[in-house]
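Counting starts at 1 for both ligands and their atoms, following the listed order. Since the structure is predicted, the reported quantities are computational estimates derived from the model, not experimental observations.
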Amino acid sequence: MRCPSCGSDNCHIIEEVESRQKGFGFFKGCCGYLILGPIGWLCGLCGMGESHTSKKAFWICNHCGRKFRV
Ligand SMILES: [Zn+2]
């Protein structure tokens, strides 16, 4: 991988894990409540944290310190 800023190929990759469990769980619970009532709300809350983490990979240039997406 080449740095878009300085052109150096002295770069390394880092990964950041993003988690949005709470917001998604609450949103899901509300949807479940609207569709199925209180039971749906509980099911929505139980199902939170299933697949709401997203991995982001970045490259960091060792030469100029620039951070850029893959
Ligand atoms: Zn650079």
Handout entry: From CZ (Arg2) to CG (Asp9), nearest 0.5 Å
Key =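 Going from the CZ atom of Arg2 to the CG atom of Asp9 covers 4.5 Å.
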Exercise for the section: Could you tell me the separation between the CD1 atom of Ile14 and the CH2 atom of Trp59, rounded to the nearest 0.5 Å? Expected result: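 The distance works out to 11.0 Å.
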Problem - Metal site the Zn ion (ligand 1), protein N/O/S atoms found under 2.8 Å - result: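 Excluding waters, the total comes to 4.
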Practice task
Taking the side chain as every heavy atom from C-beta outward, state whether Pro4 and Arg66 have any pair of such atoms under 4.5 Å apart.
Solution key: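 Side chain of Pro4 against side chain of Arg66, heavy atoms only: contact under 4.5 Å found.
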Exercise for the section: State, with a plain yes or no, whether a side-chain heavy atom of Cys61 is found less than 4.5 Å away from one of Ser5. Expected result: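 In short, these two side chains do not touch, never coming nearer than 4.5 Å.
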Exercise for the section: Dump the intermediate steps for side chain to side chain contact (heavy atoms under 4.5 Å, CB included) on Phe58 and Arg69, then the final yes or no. Expected result: CA-CA 5 Å; Phe58 291 97; Arg69 294 297 303 273; 3.0 Å; yes
Practice task
Apply side-chain hydrogen bond (donor to acceptor under 3.5 Å, both in side chains) to Asn10 and list each qualifying residue two or more places apart in sequence or on a separate chain.
Solution key: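 For Asn10, the residues satisfying side-chain hydrogen bond (donor to acceptor under 3.5 Å, both in side chains) (neighbours in sequence not counted) are Asn62.
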